[in-house]
Amino acid sequence: MAEVYQEYRRSQTYWQTPAELAYGAKVAWRNSTNCISRIFWQFLNVRDLRHLTTAEEVFAALVEYIELATNNGNIRPHISIFAPQQLGKKGMR
């Protein structure tokens with residue numbers, strides 16, 4: 001927690017580790033009361049794609065996501081997480 005507070009004080013933001021991101025995504029899905037498939041929350045495959053910066057990279061990742069998630073008709077729970085657009089910088093929206 002000290003590292004989190006220190007980074008937040010320094011940059012006014014906090015960039016989660018891949019493990020924190022995966023855990024947060026799984027718990028958020030588990031707690032989503034309107035989703036009938038949430039019983040599979042433990043099997044959610046979280047793809048941390050915050051390093052992608054171009055539209056071409058994001059497009060390729062989305063095509064790959066569709067192929068992984070549909071799995072030839074055997075649907076698998078996946079989520080792809082992209083970096084948010086940061087203030088004063090160009091980025092994906």
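Here, residue 1 is the first one in the sequence, and each next residue gets the next number. All of these numbers come straight from a predicted model, not from anything done at the bench.
Cluster partners of Leu44, using a side-chain heavy-atom cutoff of under 4.5 Å among ILVMFWY residues and allowing indirect links, are Leu21, Trp29, Ile39, Phe40, Trp41, Phe43, Val46, Ile79, Ile81. Grouping Ile, Leu, Val, Met, Phe, Trp and Tyr by side-chain contacts under 4.5 Å, direct or through others, puts Tyr5 with Met1.
Both Leu62 and Leu49 belong to a common hydrophobic cluster when Ile, Leu, Val, Met, Phe, Trp and Tyr are linked at side-chain heavy-atom distances under 4.5 angstrom.
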Under 3.5 Å donor-acceptor pairs involving side-chain atoms of residues 69-77, not counting sequence neighbours:
residue, atom, partner, partner atom, Å
Thr70, OG1, Ile66, O, 2.6
Asn71, ND2, Asn74, O, 3.2

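Taking Ser11 as the reference, nothing meets the side chain to side chain donor-acceptor pair (under 3.5 Å) condition, with sequence neighbours excluded. Tyr14 meets the side chain to side chain donor-acceptor pair (under 3.5 Å) test with Glu20; sequence neighbours excluded.
Counting only residues at least two apart or on different chains, the side-chain hydrogen bond (donor to acceptor under 3.5 Å, both in side chains) pairs with a member in residues 43-52 are Asn45-His78, Arg47-Glu64, Arg47-Ser80, Asp48-Arg50.
More than 12 heavy atoms of other residues, nucleotides or ligands lie within 6.0 Å of CD in Glu57, so this atom counts as buried by the packing criterion.
In this structure, CD in Glu3 is found 9.0 Å from CD in Glu7, a value given to the nearest 0.5 Å.
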